[in-house]
Each structure stands twice: as C-alpha cells, then as structure tokens.
Amino acid sequence: MIAFDYHKPSRLAEAVALLAGAETRPLAGGMTLLPTIKNRLASPAALVDLSGLPGMTVIQEGAGVVTLGALARHADVAGSALVQARLPALARLAGSIGDPAVRHRGTIGGSLANNDPAADYPAAVLALGAVIVTDRREIAADDFFRGLFETALGPDEIVTAVRFPLPRRAAYAKLRSPASRYPLIGVFVAETAAGVRVAMTGAGHGVLRVAEFEQALAKSFAPEAVSGLRLSAAGFASDIHAEAAYRAHLASVMAARAVAEALA
Ligand SMILES: Cc1cc2nc3c(=O)[nH]c(=O)nc-3n(C[C@H](O)[C@H](O)[C@H](O)COP(=O)(O)OP(=O)(O)OC[C@H]3O[C@@H](n4cnc5c(N)ncnc54)[C@H](O)[C@@H]3O)c2cc1C
C-alpha cells in the first residue's frame with residue numbers, strides 16, 4: 001500500500017497554497033502520475049486534485065486566439081466543434097493520442113507539465129507559438145520546454161490554460177508505435193504570422209524546433225522542400241523502438257506528410 005494525503009481544492013489560490021507543502025504534486029488526469037506512483041517511481045506525500053477548480057476545462061476563442069483550459073481532456077479537444085473549425089490540426093492531434101481511455105482522462109495541462117520526450121501536444125504548442133498560462137505568469141512555448149521531462153514550471157506552479165494563436169495553415173504527422181501509441185517521430189508544421197515554425201517530438205531529447213525544415217519551408221512551402229532533407233542521426237536517440245538513423249529518416253518523411261496535409 002502506498003499512502004499519501006489527497007486534497008481537492010475548489011479555488012486556485014488554495015491549490016497553490018497546498019502545493020507549497022513538501023513532496024506535494026498536482027493531479028490532473030492521472031494517466032502518467034498514478035502509474036508512476038504505482039510503480040514506485042514517485043512517492044509524493046500529498047496529491048492536489050485539480051479537477052475541482054472552476055473554469056479549467058474551458059475551450060473558447062477570442063481575438064484570433066483559441067484558449068484551452070489546462071484540464072481540457074484530449075477527447076474534449078478532439079471533439080470540440082470550435083477546435084475542429086479553427087485549429088483542425090490540433091483537433092486531429094488530440095484524437096490521435098493514446099487510446100480512448102487515455103483520451104478521456106488525460107489533459108493538455110498534464111501532458112505539457114509532464115513533457116514526455118515523445119508526447120504529441122508539445123509539438124503543437126511549440127510549432128504554433130502558443131502561450132502557457134499559469135497561476136502566476138504567461139510563458140512562451142519557446143521558453144517552456146527544457147528537455148527531458150523538464151519545463152520552466154516551478155514546483156508549486158499550476159498550468160491553468162494554453163493560448164493558441166491561429167496559424168494560416170498547419171498540420172501534424174507522426175508514425176505511432178503500435179504498442180504505446182506514442183509517436184516514434186511526430187512533426188508539426190505551421191505557417192504563422194511570424195513565419196514557418198516546425199516542431200518535432202520523439203527524437204529522444206525533448207521537443208525541439210527544426211531550423212533546417214523551417215528555412216527550407218520559408219523558401220518554398222511544399223513537401224518537396226523537406227522530403228529530400230536528411231537530418232544528422234547524431235541528434236536522435238536509439239532505443240528498443242527505433243535506431244537513430246531511422247528516426248532521422250522519419251523526420252523528413254513526417255515533415256513532408258505534414259506539409260502536404262497543411263496544403264490539402
Ligand atoms: C497507455 C498510455 C498511452 C499514452 N499515449 C500517449 C500518446 O500517444 N501521446 C501522448 O502525447 N501522450 C500519451 N499518453 C500520455 C497522456 O496523454 C497524458 O497526457 C499524460 O499522461 C499526462 O496527462 P494527465 O492529465 O493524465 O496528467 P497527470 O498524470 O495527472 O500528471 C502528469 C504530471 O503533470 C503534473 N500536472 C498535471 N496537471 C498539471 C497542471 N495543470 N499544472 C502543473 N502540473 C500539472 C502532475 O503533477 C504530474 O507531474 C499516454 C498515456 C498512457 C497511460
């Protein structure tokens with residue numbers, strides 16, 4: 001038996017105050033945190049369940065920005081008529097995460113705070129130049145992801161929402177592991193007001209922008225601009241799922257597929 005205290009606050013300030021306690025962690029969908037505790041890879045003294053906080057599941061649009069509450073579940077994002085109409089690439093990405101059980105529990109805030117190096121959402125957030133809103137500040141996507149399972153979040157900081165500026169066009173392509181459903185490589189391309197942005201997940205060291213693809217697509221936003229580009233395998237991990245050279249090859253293939261879909 002693994003013992004811990006459980007809190008379910010109904011106000012954000014109360015949740016933040018509780019998180020000041022030693023070894024206290026926020027709980028969202030629990031899809032990662034609970035297995036981690038069950039496998040004894042984490043042993044928090046207390047969990048602060050965020051599900052009682054008001055307004056955290058909102059999905060809304062205003063002033064050219066789509067805002068998702070941090071507790072919006074993957075299935076809610078995939079099924080949202082607003083996201084399907086305004087950010088179809090994000091709706092499709094959310095619908096491709098894991099399996100139905102994961103999509104009905106897992107949240108965008110939990111996914112971003114966890115920052116798994118193969119998670120899908122970080123690629124969209126980085127490529128779209130989204131802003132992560134917390135209980136105390138706003139963090140640009142370029143400053144949020146800090147490598148493997150690391151983010152700019154403080155230990156008692158709560159993601160409350162994510163703001164997505166609307167791109168001119170965007171798409172995401174990935175090759176999923178048939179076992180875990182996580183991408184071996186996922187590439188999100190976006191033509192934004194600030195230019196072309198491309199983010200890749202699954203390379204092994206955390207989500208990152210791919211300058212080679214961005215430069216090529218800025219000159220010509222076409223699949224052929226990236227399909228022939230070969231990234232160095234040195235930047236990719238080898239593991240039981242794929243060799244680095246295969247992942248590097250997949251990067252160009254997925255980038256070209258994403259561009260083709262964005263143009264379709
Ligand atoms: C079988 C399986 C398959 C999966 N497949 C995929 C996949 O294909 N692609 C993919 O991207 N993901 C996948 N996932 C991950 C899943 O989609 C969830 O996004 C992820 O588990 C975290 O979200 P959660 O809401 O469950 O967070 P939790 O598990 O509750 O929390 C995760 C971490 O984030 C912290 N946290 C949670 N919410 C907040 C917040 N608002 N502010 C600050 N910190 C917070 C917690 O303290 C914890 O450290 C899979 C998971 C499983 C179990």
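Each residue takes its place number in the sequence, starting with 1. Values reported hereafter were calculated over all heavy atoms of this structure, with side chains retained and with hydrogens, waters and symmetry mates removed. Source: prediction; values computed, not measured. Note that ligands are numbered from 1 as they come in the structure, with each ligand's atoms numbered from 1 the same way.
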K.L.:
Quick one: which ligand 1 atoms are inside 4.0 Å of a heavy atom on Gly29?
P.N.:
24 (P), 25 (O), 26 (O), 27 (O), 30 (O)
K.L.:
Are any side-chain N or O atoms of Arg230 and backbone N or O atoms of His249, one a donor and one an acceptor, separated by less than 3.5 Å?
P.N.:
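No; judged by distance alone, with no hydrogens or angles, the pair does not exist.
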K.L.:
Does the N or O separation between Arg25 and ligand 1 drop below 3.5 Å for any pair?
P.N.:
yes
K.L.:
Can you tell me which residue and heavy atom of the protein come closest to atom 8 (O) of ligand 1, and the distance to 0.1 Å?
P.N.:
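Ranking protein heavy atoms by distance from atom 8 (O) of ligand 1, first comes Arg181 O, 2.9 Å.
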K.L.:
When you compare the side chains of Thr67 and Gln60, does any donor N or O come within less than 3.5 Å of an acceptor on the partner?
P.N.:
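Result is no, nothing qualifies.
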K.L.:
Is there a polar contact, in the sense of an N or O pair closer than 3.5 Å, between Ser96 and ligand 1?
P.N.:
no
K.L.:
Please classify the Val102 to ligand 1 contact at 4.0 Å (heavy-atom distances, strictly less than): side chain, backbone, both or neither.
P.N.:
side chain
K.L.:
Would you say Gly30 has any N or O atom under 3.5 Å from an N or O of ligand 1, going by distance alone?
P.N.:
yes
K.L.:
Over all heavy atoms of both residues, which pair between Leu263 and Ala222 is shortest? Give the atoms and the distance, please.
P.N.:
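Here Leu263 and Ala222 meet closest at CD1-CA, 4.2 Å.
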K.L.:
Would Glu214 and Arg197 pass as an ion pair if we require N to O under 4.0 Å?
P.N.:
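Salt bridge flag = no for Arg197 with Glu214.
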K.L.:
Looking at every heavy atom in both Ala173 and Ala258, which two are closest together, and how far apart are they?
P.N.:
CB-N, 3.8 Å
K.L.:
In terms of residue, atom name and distance, what is the protein heavy atom nearest to atom 31 (O) of ligand 1?
P.N.:
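Scanning the protein heavy atoms, the shortest distance from atom 31 (O) of ligand 1 goes to Leu33 CB, 3.9 Å.
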K.L.:
Quick check on the hydrophobic clustering: are Leu153 and Leu53 connected, directly or via other members, by side-chain heavy-atom contacts under 4.5 Å?
P.N.:
no
K.L.:
Suppose we measure from atom 12 (N) of ligand 1 to each protein heavy atom; which comes out shortest, and what is that distance?
P.N.:
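Its nearest protein heavy-atom neighbour is Tyr182 CE2, 3.4 Å.
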K.L.:
Please determine whether a side-chain nitrogen of the Lys or Arg among Asp120 and Arg176 lies less than 4.0 Å from a carboxylate oxygen of the Asp or Glu.
P.N.:
no
K.L.:
Starting from atom 41 (N) of ligand 1, which protein heavy atom do you reach first, and at what distance in Å?
P.N.:
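Of the protein heavy atoms, Val159 O, 3.0 Å lies nearest.
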K.L.:
With heavy atoms of Thr32 as the reference, note each atom of ligand 1 found under 4.0 Å away.
P.N.:
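Every atom of ligand 1 under 4.0 Å from some heavy atom of Thr32: 20 (C), 21 (O), 22 (C), 26 (O), 29 (O).
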K.L.:
Is the closest N or O pair between Pro26 and ligand 1 shorter than 3.5 Å?
P.N.:
yes
K.L.:
For atom 19 (O) of ligand 1, grab the closest protein heavy atom and report residue, atom and distance to one decimal in Å.
P.N.:
His74 NE2, 3.1 Å
K.L.:
Have a look at ligand 1 and work out which part of Leu50, if any, has a heavy atom under 4.0 Å from it: side chain, backbone, both or neither.
P.N.:
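It is the side chain that gets close, since no backbone atom is under 4.0 Å.
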K.L.:
Specify the closest pair of heavy atoms between Leu148 and Gly206, including all atoms of both residues, with the distance to one decimal.
P.N.:
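That would be CD1-N, 4.2 Å.
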K.L.:
Determine whether more than 12 heavy atoms belonging to other residues, nucleotides or ligands lie under 6.0 Å from atom CD of Glu243.
P.N.:
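No, because the 6.0 Å sphere around CD of Glu243 holds 12 heavy atoms or fewer from other groups.
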K.L.:
Checking a contact table here: which protein heavy atom is nearest atom 38 (N) of ligand 1, and how many Å away?
P.N.:
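Among all protein heavy atoms, the one nearest atom 38 (N) of ligand 1 is Ala28 CB, 3.3 Å.
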K.L.:
Evaluate Met254 against Thr201 for side-chain contact (heavy atoms from CB on, under 4.5 Å), listing each step before the verdict.
P.N.:
CA-CA 11 Å; Met254 292 305 127; Thr201 185; over 6 Å; no
K.L.:
What protein heavy atom sits nearest atom 37 (C) of ligand 1, and how far off is it?
P.N.:
Gly110 CA, 3.4 Å
K.L.:
Give the atom numbers and elements of ligand 1 that come within less than 4.0 Å of a heavy atom of Asp120.
P.N.:
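Listed by number with element: 7 (C), 8 (O), 9 (N), 10 (C), 11 (O).
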K.L.:
Any nitrogen or oxygen of Ala113 lying under 3.5 Å from a nitrogen or oxygen in ligand 1? Just yes or no.
P.N.:
no
K.L.:
In ligand 1, which numbered atoms sit nearer than 4.0 Å to a non-hydrogen atom of Gly106?
P.N.:
25 (O), 26 (O)
K.L.:
Which of the numbered atoms in ligand 1 are below 4.0 angstrom from a heavy atom of Met31?
P.N.:
21 (O), 26 (O), 29 (O), 53 (C)
K.L.:
Hey, does the side chain of Lys174 reach the backbone of Ser96 with a donor-acceptor pair shorter than 3.5 angstrom?
P.N.:
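Here the side-chain-to-backbone pair exists.
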K.L.:
Judged by non-hydrogen atoms, does Glu157 sit under 4.0 Å from ligand 1?
P.N.:
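Flag set, Glu157 near ligand 1.
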K.L.:
So is there a nitrogen or oxygen of Met56 less than 3.5 Å from a nitrogen or oxygen in ligand 1?
P.N.:
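Checking ligand 1 against Met56, no N or O pair falls under 3.5 Å apart.
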K.L.:
Just heavy atoms, cut-off under 4.0 Å: does Ser180 contact ligand 1 by side chain, backbone, both, or neither?
P.N.:
backbone
K.L.:
Please test Tyr121 against His74 for ring-ring contact (aromatic ring centres under 6.0 Å, His included), starting from the C-alpha separation and ending with a verdict.
P.N.:
CA-CA 10 Å; Tyr121 267 129; His74 310 329; 5.4 Å; yes
K.L.:
Run the side-chain contact (heavy atoms from CB on, under 4.5 Å) check on Leu231 and Glu212 step by step: do they pass?
P.N.:
CA-CA 8 Å; Leu231 301 182; Glu212 293 93 324; 3.8 Å; yes
K.L.:
Count the heavy atoms belonging to other residues, nucleotides or ligands that lie under 6.0 Å from NE2 of His104, then report whether that count exceeds 12.
P.N.:
no
K.L.:
In the protein, what heavy atom is nearest to atom 5 (N) of ligand 1, and what distance, to one decimal place, separates them?
P.N.:
Gly98 CA, 3.4 Å
